[in-house]
Amino acid sequence: MFDLRAIRQTPEEFDANWARRGLSPQTPEILALDETKRALQTELQELLAERNEKSKEIGKIKSQGGDAEAIMAEVASLKDKIASLEEKQKEAEEALKTKLSGIPNQLAEDVPDGPDEDHNVEVRRHGEPKALNSEPKDHVDIGEGLDMMDFATAAKMSGSRFVLLHSGLARMERALAQFFLDTHTSEHGLTEVSAPLLVNTKTMFGTGQLPKFRDDQFKTFSTDYLVDKELLEESGLSKGLMTYNRDLWLIPTSEVSLTNIVAEEIIDEETLPRRYTAFTPCFRKEAGSAGKDTRGMIRMHQFYKVEMVSVTAPDKSEEEHERMTGCAENLLKKLELPFRTIVLCSGDSGFTVRKTYDLEVWIPSQETYREISSCSNCWDFQARRMNARCRAKGEKDTKFVHTLNGSGLAVGRALVAVMENYYDPADGGVFVPDVLKPYMGGMEKITPKG
RNA sequence: GGAAGAGUGGCAGAGUGGUUGAAUGCACUGGUCUUGAAAACCAGCAAGGAUGCAAGUCCUUCCAGGGUUCGAAUCCCUGCUCUUCCGCCA
């Protein structure tokens, strides 16, 4: 969300920034809605002030035993006017909020301009892809060769974009997650959190998944709710029943749960930054990805991810962004996987984001780098949506915090990367990276069953 | 799932229809005193918004939504959360 005062002052700057994402000018509509809302609000407040004053007078007269009939009638006559203005004001406010909640974040100045992912800019590179003396095998062939990766059975129970892992691969997935978490907590100073996987609508709004990306989310529903909804429609009862809502959303990333920890809070600025990490499954509809990455484990409806989230004071988020990206890179270095870091261009940057670094790991079978982590500075965008603020000692005013999130790392994709980069064509096995051995009982290599 | 109770400012906790945005205590901030600190004393201390050059004025908010009323923290309805007990369960 945005600072309306700032938009009023320099609308052209906001439009120019949004234009970098390919948006047409947004401020004329925003300012018009804002104008309407404020005019109604002022009018309403004048009436309310009149009502309050006269009501107080009635109280005074009555306490002195006088007759207040005349003035009571006067106030009563204001009632309808106030009710209708209240309605209009609420509608105007709603319209403004709807408009604002669908507009993406402002981009940082140093985000390169460009229409799509082909215009992202490489920042640095680490490691060299190994020269292969045979055709590279992709992770599906490797996994099925090991008899430890099973898409068919997953499809039977859940449809496409699900998978079962067995034995060594299942254990390696777990080992990766443990290794990531332990490195974050012991070396990077993050606090491990175990948080809800099902969250309410307000929470999904806070981090920006709703309302715009509704179609990408999985939603649960409860029969209780349906019963009540039917009752509601039949009875034509008040809207009050609508607030009874046990429907929950499956998190698409633990960024949602971790960032919303500070929703509605006022934090002592001295206690910032807060740095969280969590290992959770993530659930995504992948609605817009039909036909994309249909083979293998790259794009699943359910996958594991270790997430990092930082909450900082407003002047500290840029350095925190670099730090966070470094934490993710550190994991790939320890795994000895070749990767590069890129900065996303304007057209490829996400809705909530001011600036994003992607880490891309080398995937031999595709002879290219593929995304394995995305580290973003959301600035005050999410904080405004979830009303998360901080206050410096001795200061009266509160400020919106800045929030950042990054994968550290996507576990499924990390498994893919390890399988392909550590593949041994001699026997179809997969060497265990040194850092994972302690997590796999000292195992040196995953070898085919039997 | 059933029963009972409760949700008020950073915390604790008064307040059951009328100058209550809210007593009091703690915490916090400034001051007096002190070599310094503590104690004591004095003063200040919610958030969001509208309007205005500003000083200020006004509006909203006592879990949330709806209702009654000239007027709601206070009365009614619905929901949510928490506590205790029972049931069920990993």
Side-chain angles (χ1 to χ4, degrees), chain A residues 1-9 31 33-83 85-90 92-94 96-97 100 194 196-203 205 222-248 262-271 380 383-401:
Chain A
M1 230 62 126
F2 308 97
D3 182 355
L4 273 170
R5 282 167 210 240
I7 294 180
R8 267 182 239 149
Q9 273 165 13
L31 291 177
L33 289 167
D34 178 48
E35 187 97 7
T36 307
K37 190 215 103 182
R38 280 186 297 134
L40 287 167
Q41 187 170 346
T42 304
E43 200 181 336
L44 172 64
Q45 288 186 356
E46 278 163 8
L47 284 178
L48 288 173
E50 190 180 340
R51 185 196 69 184
N52 289 348
E53 200 187 325
K54 287 189 171 156
S55 289
K56 269 183 192 170
E57 224 171 296
I58 292 168
K60 219 192 227 166
I61 293 170
K62 284 202 162 180
S63 69
Q64 291 165 357
D67 176 20
E69 282 303 318
I71 193 162
M72 276 169 73
E74 228 177 287
V75 184
S77 73
L78 289 174
K79 229 183 156 184
D80 286 350
K81 239 171 147 182
I82 288 176
L85 258 178
E86 250 170 4
E87 182 102 351
K88 276 192 213 160
Q89 199 268 353
K90 238 182 218 174
E93 199 163 7
E94 205 51 47
L96 178 61
K97 193 185 170 193
L100 288 174
S194 172
L197 308 179
L198 290 162
V199 298
N200 60 28
T201 298
K202 197 177 174 190
T203 301
F205 178 86
S222 61
T223 47
D224 282 359
Y225 176 59
L226 291 179
V227 168
D228 272 8
K229 205 175 169 192
E230 281 158 22
L231 270 176
L232 179 68
E233 276 157 15
E234 271 172 37
S235 63
L237 276 173
S238 69
K239 278 200 293 186
L241 267 179
M242 289 287 231
T243 60
Y244 178 59
N245 183 353
R246 283 298 304 175
D247 294 12
L248 294 166
V262 298
E264 305 289 337
E265 299 284 330
I266 299 174
I267 301 165
D268 290 339
E269 192 172 322
E270 291 70 29
T271 68
D380 62 1
R384 285 178 184 277
R385 291 171 85 100
M386 61 176 74
N387 199 23
R389 292 161 294 168
C390 65
R391 174 159 42 205
K393 209 172 171 62
E395 297 250 327
K396 190 171 155 50
D397 289 339
T398 59
K399 298 170 281 191
F400 288 107
V401 297

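Chain identifiers are assigned alphabetically (A, B, ...) following the order of the sequence lines, protein sequences preceding nucleic acid strands; residue numbering begins at 1 within each chain. Hydrogens, waters and symmetry mates are skipped; everything else that's a heavy atom, side chains included, is used.
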Separation between the C1' atoms of B:C26 and B:G9, rounded to whole Å: 13 Å

Does any non-hydrogen side-chain atom of A:K62 lie less than 4.5 Å from one of A:M72? yes

Considering just the side-chain nitrogens and oxygens of A:R391, establish if one lies under 4.0 Å of OP1 or OP2 belonging to B:C28. no

For a quick check of understanding: with a heavy-atom distance under 4.0 Å over all strands, which category does A:K90 fall into, base, sugar-phosphate or nothing? sugar-phosphate

Do A:E93 and A:L40 have side chains that get closer than 4.5 Å, going by heavy atoms? no

Could you tell me how far B:G5 sits from B:U32 if I compare only their C1' atoms? Round to whole Å. 48 Å

Who pairs with A:T203 by side chain to side chain donor-acceptor pair (under 3.5 Å), at least two apart in sequence or on another chain? A:N200

Between B:U24 and B:G30, how far is it from one P atom to the other, in whole Å? 22 Å

List the residues meeting side chain to side chain donor-acceptor pair (under 3.5 Å) with A:R51, not counting sequence neighbours, and say none if there are none. none

At a heavy-atom distance below 4.0 Å, what parts of residues 42-52 of chain A sit against RNA chain B? A:T42, A:Q45, A:L48, A:A49, A:R51, A:N52

In whole angstrom, give me the gap between the C1' atoms of B:C42 and B:A46. 23 Å

Nucleotide opposite B:U83 in a Watson-Crick or G-U pair, distances under 3.5 Å: B:A4

NA contact type, A:R8, heavy-atom cut-off 4.0 Å: base, sugar-phosphate, or nothing? sugar-phosphate

Checking A:F400 now: which residues fulfil ring pair (Phe, Tyr, Trp, His ring centres under 6.0 Å) with it, not counting sequence neighbours? none

Measuring only the C1' atom in each nucleotide, how far is B:U61 from B:A73? A whole number of Å is fine. 11 Å

Just to verify, what does A:E74 make a salt bridge (Lys or Arg N to Asp or Glu O under 4.0 Å) with, not counting sequence neighbours? A:K54

A:T398 side chain N/O closer than 4.0 Å to the phosphate oxygens (OP1, OP2) of B:A46? no

Have a look at A:K62 and say if it touches a base, only the backbone sugar-phosphate, or nothing, with a 4.0 Å heavy-atom cut-off. base

Do A:R385 and A:F205 meet the cation-pi criteria used here (NZ or CZ under 6.0 Å from the six-membered ring centre, within 45° of the axis)? yes

Does A:K56 place a side-chain N or O at less than 4.0 Å from the phosphate oxygens OP1/OP2 of B:C70? no

If we take the P atom in both B:U8 and B:G13, what is their distance in whole Å? 9 Å

Determine the Euclidean distance between corresponding C1' atoms of B:C33 and B:A27; express it in Å to zero decimal places. 23 Å

What is the base-pairing partner of B:U57, counting Watson-Crick and G-U wobble geometry with both distances under 3.5 Å? B:A50

Please check the phosphate of B:A50 (OP1 and OP2 only) for any side-chain N or O of A:R5 closer than 4.0 Å. yes

From C-beta outward on A:I58, which listed nucleotide comes closest to its side chain: B:A47, B:U19, B:C70? B:C70

When rounded to the nearest Å, what value does the distance between P atoms of B:U78 and B:U60 take? 27 Å

Going by side chain to side chain donor-acceptor pair (under 3.5 Å), name the residues that satisfy it together with A:D34, two or more places apart in sequence or in a different chain. A:R8, A:R38

